[in-house]
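Report on the following structure.
Owing to the predicted nature of the structure, the values given are computational and were not obtained by experimental measurement. FYI, side chains are in, hydrogens and waters are out, and symmetry mates aren't considered; it's all heavy atoms of this structure.
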Amino acid sequence: MNCKTLHKELIFFLEGDLPLEKREQLEAHLNECPDCAAFAADMKKTLQVTEDEKSTEVNPFFYTRVKAKLENSETQHIGIFEKVFLRKVLQPVFFSILLIIGVYSGIKIGQPTPVNVFSSTQFDQETVPYLNEMETESIETFLME
Amino acid sequence: MSEAEIIEKLKSGSEPAFKQLVENYQKLVVNTCFGMVHNKHDAEDIAQDVFIEVYRSIHKFRADAKLSTWLYRIAVNRSLNFIRDNKKRKWFQSFEDSVETKTKALQNLAATKSDHPGFQLENQQRAVLLHEAIAALPKNQKVAFTLSKYEDLSYSEIAEVMDLSVSSVESLLHRAKKNLQKKLYRCYKKKCL
């Protein structure tokens with residue numbers, strides 16, 4: 001038995017999984033090798049942690065908490081349909097409408113305003129009639145004054 | 001009240017039967033969850049959810065199965081879901097947060113075991129080291145190891161809970177122990193403690 005073999009088998013030795021013959025070989029090596037003995041002691045302490053952690057005490061308020069959580073979740077369970085409906089239906093619909101409105105208004109703003117040629121010429125003809133100022137008042141008469 | 005009576009009464013919605021069930025199996029469920037998540041508060045939270053699930057789905061329970069096996073299964077599944085969600089959350093956490101979480105884990109251990117006379121800093125570090133080594137194991141190895149170490153279940157009982165053959169469980173436990181030994185030896189060499 002050498003140190004390398006011991007390192008491979010140590011956890012099984014500590015857990016009592018090895019057959020008697022192999023266990024005796026390991027024990028013999030541990031008595032001879034102080035390095036391996038130190039590692040074995042360290043490993044034993046680390047594995048012991050699970051034993052220390054096993055809970056033996058019972059939380060006296062555990063049942064009360066379970067009951068409170070159960071009642072809480074039942075009231076939440078009633079409103080869950082509304083929540084799902086709100087999240088899965090109303091929210092997407094609302095954001096889709098918002099998006100459509102945004103795109104539509106963007107297109108509308110981006111479009112050039114069409115000029116109504118007919119109505120504007122009509123307007124010009126009606127309101128601004130041709131006025132020949134030279135005929136009304138000639139430059140000579142204007143300067144004479 | 002016998003197990004069969006509890007189940008029958010639970011199916012008709014009896015509250016005393018539910019109380020009895022929680023009292024009888026509280027330690028089993030909390031210990032199993034603790035073995036998986038290694039935090040007392042989280043383990044109790046998960047255990048509460050386990051009992052709520054049992055209350056809601058007791059009508060699905062088959063009379064030929066053992067109640068404890070069913071409870072172990074729910075506890076293991078819930079704990080694995082918790083670990084998966086926690087991993088997702090941690091992925092988004094910064095380095096600072098992860099350091100803070102580790103410090104909190106140490107403080108948590110100190111708080112829960114401060115009344116234990118032999119539980120000192122070295123033991124806390126050992127616990128953190130072992131928890132990290134167990135957490136790094138593949139899912140099935142972790143479940144088999146936890147049920148074996150924290151609940152002292154036999155190979156056949158673990159096989160029943162995990163729905164595997166006894167030889168598969170033997171192999172899983174063998175590989176789990178080998179992996180743990182590798183990690184612990186590496187740490188011993190680096191003088192982690």
### Task
Please confirm whether the backbone N or O of A:Asp42 pairs with a side-chain atom of B:Arg126, one donor and one acceptor, at under 3.5 Å?
yes
### Message
Can a donor-acceptor pair be found, under 3.5 Å and without considering hydrogens, that links the side chain of B:Gln181 to the backbone of A:Lys8?
### Response
yes
Could you tell me whether [X] atom [atom1] has more than 12 heavy atoms of other residues or ligands within 6.0 Å of it?
X       : atom1 : value
A:Glu21 : CD    : no
A:Lys69 : NZ    : yes
A:Phe94 : CZ    : no

### Query
Would you say B:Phe51 and A:Tyr63 make side-chain contact, with heavy atoms under 4.5 Å?
no
### Beyond-backbone contact of A:Glu53 with B:His131, side-chain heavy atoms, under 4.5 angstrom
yes
### Query
Side chain, backbone, both or neither: which part of B:Ala47 has a heavy atom under 4.5 Å from chain A?
both
#### Entry: Engaged part of B:Lys182 at the chain A interface, taking heavy atoms whose separation is under 4.5 Å
neither
### Message
Just verifying a value: how many Å separate B:Asp45 CG and A:Arg65 CZ, rounded to the nearest 0.5 Å?
### Response
9.0 Å
### Message
Classify the ring geometry of A:Phe39 against B:Tyr185: parallel below 30°, tilted from 30° to 60°, perpendicular beyond 60°.
### Response
perpendicular
#### Entry: chain A contact residues among residues 8-24 of chain B, heavy-atom distance under 4.5 Å
B:Glu15, B:Phe18, B:Lys19, B:Val22
Heavy-atom pair of closest approach, residues [X] and [Y]:
X        : Y        : answer
B:Tyr188 : A:Asp35  : OH-O, 3.9 Å
A:Asp17  : B:Lys177 : OD2-NZ, 2.6 Å
A:Ile11  : B:Leu180 : CD1-CB, 4.2 Å

### Message
Hydrophobic clustering (ILVMFWY, side-chain heavy atoms < 4.5 Å, transitive) - are B:Val166 and B:Leu164 grouped together?
### Response
yes
### Query
If two hydrophobic side chains count as joined below 4.5 Å and joins carry through other members, does A:Ile101 share a cluster with A:Ile109?
no
### Query
Which bit of A:Glu15 comes within less than 4.5 Å of chain B, counting heavy atoms only: side chain, backbone, both or neither?
side chain
#### Entry: Residue part contacting chain B, namely of A:Lys45, when any heavy atom lies under 4.5 Å
both
#### Entry: side chain to side chain donor-acceptor pair (under 3.5 Å) assessment of B:Gln26 paired with A:Asn59
CA-CA 9 Å; B:Gln26 175 186 337; A:Asn59 184 348; 5.8 Å; no
### Task
Mind running side chain to side chain contact (heavy atoms under 4.5 Å, CB included) on B:Gln48 and A:Leu70 for me, showing each step along the way?
CA-CA 9 Å; B:Gln48 286 166 12; A:Leu70 184 68; over 6 Å; no
